[in-house]
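Here is the structure we will look at, set down as structure tokens.
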There are 2 protein chains.
Amino acid sequence: MPQKKIRNMDELAKVSGISRPTLSKYFNDAASVRDSTRVKVEKALQVFDFRPNVYAINQNRRRTRNIGIVVPYLADPFFTEIGREVELACIRAGYSPILLSSHGSPQLELDNLESLRSLKPAGVLLAPCGDTSDKNAIASFAREIPVVLFDSNIPNIGEAFVGSNNDFSISLMVQYLCRSGQPPCFFEMKTPSNPNALTRRQAYLDSMAKQGETAHVFQVEGQGWNFEEIGSTEGGRLLAQGSFPTNTVLCSNDRLAIGMLAAAYKQNIRVGLDEKSTVRIAGHDDHPFARYTCPPLTTIAQDYVAIAQGAADILFQIIDTETPPSSRVETLLEGRLIMRDSA
Amino acid sequence: MPQKKIRNMDELAKVSGISRPTLSKYFNDAASVRDSTRVKVEKALQVFDFRPNVYAINQNRRRTRNIGIVVPYLADPFFTEIGREVELACIRAGYSPILLSSHGSPQLELDNLESLRSLKPAGVLLAPCGDTSDKNAIASFAREIPVVLFDSNIPNIGEAFVGSNNDFSISLMVQYLCRSGQPPCFFEMKTPSNPNALTRRQAYLDSMAKQGETAHVFQVEGQGWNFEEIGSTEGGRLLAQGSFPTNTVLCSNDRLAIGMLAAAYKQNIRVGLDEKSTVRIAGHDDHPFARYTCPPLTTIAQDYVAIAQGAADILFQIIDTETPPSSRVETLLEGRLIMRDSA
DNA sequence: AATTAAACTTTACGCGCGTAAATCATGATG
DNA sequence: CATCATGATTTACGCGCGTAAAGTTTAATT
């Protein structure tokens, strides 16, 4: 039960009978001091409330224990979850993570990096906005501070990249859709900000070719991160016009699919794999809401726990060894097919 | 185009011809120095890249310009949005906000406050987890640092509270539902962690009495923050059993309603206000996904921009005047009825 | 008991900046 | 031209801690 407040280490040194430099050692690594002194310190800490001043600590350290985490859009539950996993990985490793969102704006992304820079982080885990990101600025930042990218890759920027294998997962989905019904059309935005979208489209084209089926790509207008709106408006329009040559649509991501499902419902189009349904819709990402759509969405689950941990581990290694990997490593993890009712 | 790097203000003083104390003044408030010297400094800054060390600054200031923002669950888009609004309000006022999520855990909530404490924030804006929050610990924290609560109230903790007027909004909804069809039943969790749930239930009972209708409250089991799951499982069960005495259900929040809509769809129960529908479902909060449910959800929109700005403004005033309000202020803002297709 | 490495204490300096006091330069004012 | 307020400069100290060097104690080892 802490009673009297203690203002600094000098005062704690007096009441604990341990010298200040030793206290400094203790707070840096409690295991680095003799057991008997550790006990003395901790006994004093039970009586006197005290924690070292972070600002004074960080001012004097070359590198802090801070790690910056930047995601493009925290209002998207996918990024909230993956961001949280990265946070946890940092905490487990004894770092202080700071999670920031770019809110879909490349400018805010740079602002975030700038404010991180003033925090002298040991490293940064960045899920970039994508094609709209200011690549030169990020590259310049990455020259000062170790950066590991995740989720969305920008070639040659940062020490490493960890993400999901779009080739694998899209091929998995295309195979499933082809063998369980009509081959899928592909639905996406014309100018997607996320580079994953590009690799997914290419993966779709490749997989369809391998299946010996004709590919049909539908690209719609739309800017920003309001994917549900785009899926609903533009996807709904395509459904209404009967534009899709097959009864199956693979959406580039779940949020587009969620919007399209809403539009289908509005038009009284029944979606699903049963006989009464006329359309199948599938997505990608296993968005937290995908199981509550009508009908529940068939999709690909990214292993974001592994992505988060993988990216963090690489960064920790760079920080510990103080040497970047000899060449930039790109790690691609495989997703799982989640079969629900929509396709 | 910054060329040579400058390490501290002393070096900048040399190259700019301005003394260090004056530079310090400049960085604290650029308008506090003479125009001619401001120009000199900024000319030097264009040539030499430099920004003052945050840690050294904050170590020497009594109060920092940091403001902590803690929300209960950042994976809930509602809190992501309101958290973002609070962040923006802080930035506009010249503070450095730090947004943290408790992830539904009262323990993490305390951890967040603890790590904030070491950042010596000028104040904290807290949306507490709710009834599960450790009220004593929060109260003790609030004695050290100015705290303003928002979204969810805990009586007598913090200097003020800003939230939405549940009495008003529930009454608005009940009136609408009663005049447009059968009177609503009320669907909620038995042990909700959020105190808003309690006031909403009471508001429902009061409104129904005022309308001269019989109230029917249905409370279901379920823990944690996975509201969609609870709404789907438990709400779905009630629908299947035909437990609701009227054809209209008012859910305590949108996330429960989203789950219940998914369950209704699965059971082939058509939800909406048209003739073909047999059930009406309404929610509360205008969750970002509420417009993409099947059918789109009728709900109450909280004015979270006003809530965020209101809470922030009160905190700024406390910080500026260095005096808490004479008595704890509770501000309740009125929501708007959002009529969609579900009720 | 003598030896010795490990851990501790003492002393001292530095980090980068806030800030106060005394002094000095500047330009507007009457 | 003298007056004077405003703002700059010089000087100096302090914040709380990291960290290095030199000397001293502790506890394990032979």
Side-chain angles (χ1 to χ4, degrees), chain A residues 4-45 48-66 94 96 117-122, chain B residues 4-45 48-66 94 96 115 117-122 322:
Chain A
K4 217 177 70 183
K5 285 264 162 167
I6 279 208
R7 299 205 322 276
N8 53 36
M9 279 199 192
D10 274 313
E11 295 192 11
L12 184 65
K14 282 204 181 56
V15 300
S16 67
I18 305 292
S19 73
R20 191 178 67 71
T22 305
L23 287 180
S24 178
K25 267 193 83 178
Y26 168 86
F27 283 111
N28 265 320
D29 177 10
S32 70
V33 301
R34 204 185 290 150
D35 273 7
S36 57
T37 65
R38 186 174 50 73
V39 169
K40 280 189 204 170
V41 176
E42 279 159 6
K43 201 167 285 178
L45 283 179
F48 303 93
D49 195 16
F50 172 73
R51 35 177 46 204
N53 182 315
V54 218
Y55 293 110
I57 292 175
N58 284 336
Q59 177 180 10
N60 295 311
R61 264 208 257 267
R62 284 199 250 130
R63 300 184 326 263
T64 67
R65 301 288 288 174
N66 298 336
S96 304
R117 194 161 68 148
S118 72
L119 295 178
K120 297 186 188 299
Chain B
K4 218 176 68 182
K5 285 264 163 168
I6 279 209
R7 298 205 324 277
N8 52 36
M9 279 197 192
D10 274 314
E11 295 192 10
L12 184 64
K14 282 205 179 58
V15 300
S16 67
I18 305 293
S19 73
R20 193 179 64 73
T22 305
L23 288 179
S24 178
K25 269 193 81 177
Y26 168 84
F27 283 111
N28 265 320
D29 177 11
S32 69
V33 301
R34 203 186 292 150
D35 273 7
S36 56
T37 66
R38 187 174 51 73
V39 169
K40 279 188 201 169
V41 175
E42 279 158 6
K43 200 167 286 178
L45 283 178
F48 303 93
D49 195 14
F50 172 73
R51 35 175 48 200
N53 181 314
V54 217
Y55 293 109
I57 292 175
N58 284 335
Q59 177 180 10
N60 294 311
R61 262 208 257 268
R62 286 200 246 130
R63 301 185 325 265
T64 66
R65 301 288 287 174
N66 298 335
S96 303
S115 33
R117 194 160 67 148
S118 73
L119 294 178
K120 298 188 188 299
E322 299 195 33

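Bear in mind that the values here come from a model prediction, so they are computed numbers and not experimental data. Throughout, protein chains are lettered first and strands after them, A, B, ... in sequence-line order, and every chain is numbered starting at 1.
Taken to the nearest 0.5 Å, the CZ atom of A:Arg65 stands 11.5 Å off from the CD1 atom of A:Ile57.
Taking atom CD1 of A:Ile6 as the reference point, atom C1' of D:dC17 lies 15 Å away to the nearest angstrom. Taking atom CZ on B:Arg7 and atom P on C:dG16, their separation rounds to 6 Å, with Å as the unit. What separates CD1 of A:Ile57 from C1' of D:dG18 is a distance of 10 Å, to the nearest Å. Atom P of nucleotide C:dT10 and atom CE of A:Met9 are separated by 16 Å, given to the nearest angstrom. As a whole-Å value, the separation of A:Ile18 CD1 from D:dT26 C1' is 13 Å. A:Lys14 places its NZ atom 14 Å from the C1' atom of C:dT9, with the value rounded to the nearest Å. A straight line from CZ of B:Arg65 to P of C:dG18 spans 13 Å, rounded to a whole angstrom. Between B:Arg61 atom CZ and D:dG16 atom P there is a gap of 16 Å when expressed in whole angstrom units.
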Verdict with reasoning, B:Leu119 to B:Thr64, per side chain to side chain contact (heavy atoms under 4.5 Å, CB included): CA-CA 8 Å; B:Leu119 294 178; B:Thr64 66; over 6 Å; no

Show, in sequence, the C-alpha distance, side-chain angles and deciding distance for A:Asp49 and A:Ile6, and conclude whether the side chain to side chain contact (heavy atoms under 4.5 Å, CB included) test is met. CA-CA 6 Å; A:Asp49 195 16; A:Ile6 279 208; over 6 Å; no

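For the OP1/OP2 pair of D:dT9 and a distance below 4.0 Å, the side-chain nitrogens and oxygens of B:Thr22 include at least one atom meeting the criterion. Between B:Thr37 and D:dA8, a side-chain N or O to OP1/OP2 separation shorter than 4.0 Å is present. OP1 and OP2 of D:dC17 both lie 4.0 Å or more from every side-chain N or O belonging to A:Asn60.
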Anything under 3.5 Å between a donor and an acceptor, one on a side chain of residues 8-18 of chain A, the other on a protein residue two or more places apart or in another chain? List them.
from	atom 1	to	atom 2	distance (Å)
A:Asn8	OD1	A:Asp10	N	3.2
A:Asn8	OD1	A:Glu11	N	3.0
A:Glu11	OE1	A:Arg7	N	3.4
A:Glu11	OE2	A:Arg7	NH1	2.9
A:Ser16	OG	A:Leu12	O	2.7
A:Ser16	OG	A:Ile18	N	3.3

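For A:Asn53, the side-chain contact (heavy atoms from CB on, under 4.5 Å) partners are A:Tyr55, A:Ala56, B:Lys120, not counting sequence neighbours. B:Val33 pairs by the side-chain contact (heavy atoms from CB on, under 4.5 Å) definition with B:Thr22, B:Lys25, B:Tyr26, B:Thr37, B:Arg38, not counting sequence neighbours. Applying the side-chain hydrogen bond (donor to acceptor under 3.5 Å, both in side chains) criterion to B:Asn28, with sequence neighbours excluded, gives B:Arg61.
For DNA chain D, the residues of residues 24-36 of chain B within the heavy-atom distance limit of 4.0 Å (strictly under) are B:Val33, B:Arg34, sorted by number.
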Is there any protein nitrogen or oxygen under 3.5 Å from a nitrogen or oxygen in nucleotides 11-13 of chain C, and what are the pairs?
from	atom 1	to	atom 2	distance (Å)
C:dA12	N6	A:Arg20	NH2	3.3

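Taking for each of B:Gln59 and B:Ser19 the nucleotide of DNA chain D with the nearest heavy atom, the 5'-most of the two is the partner of B:Ser19.
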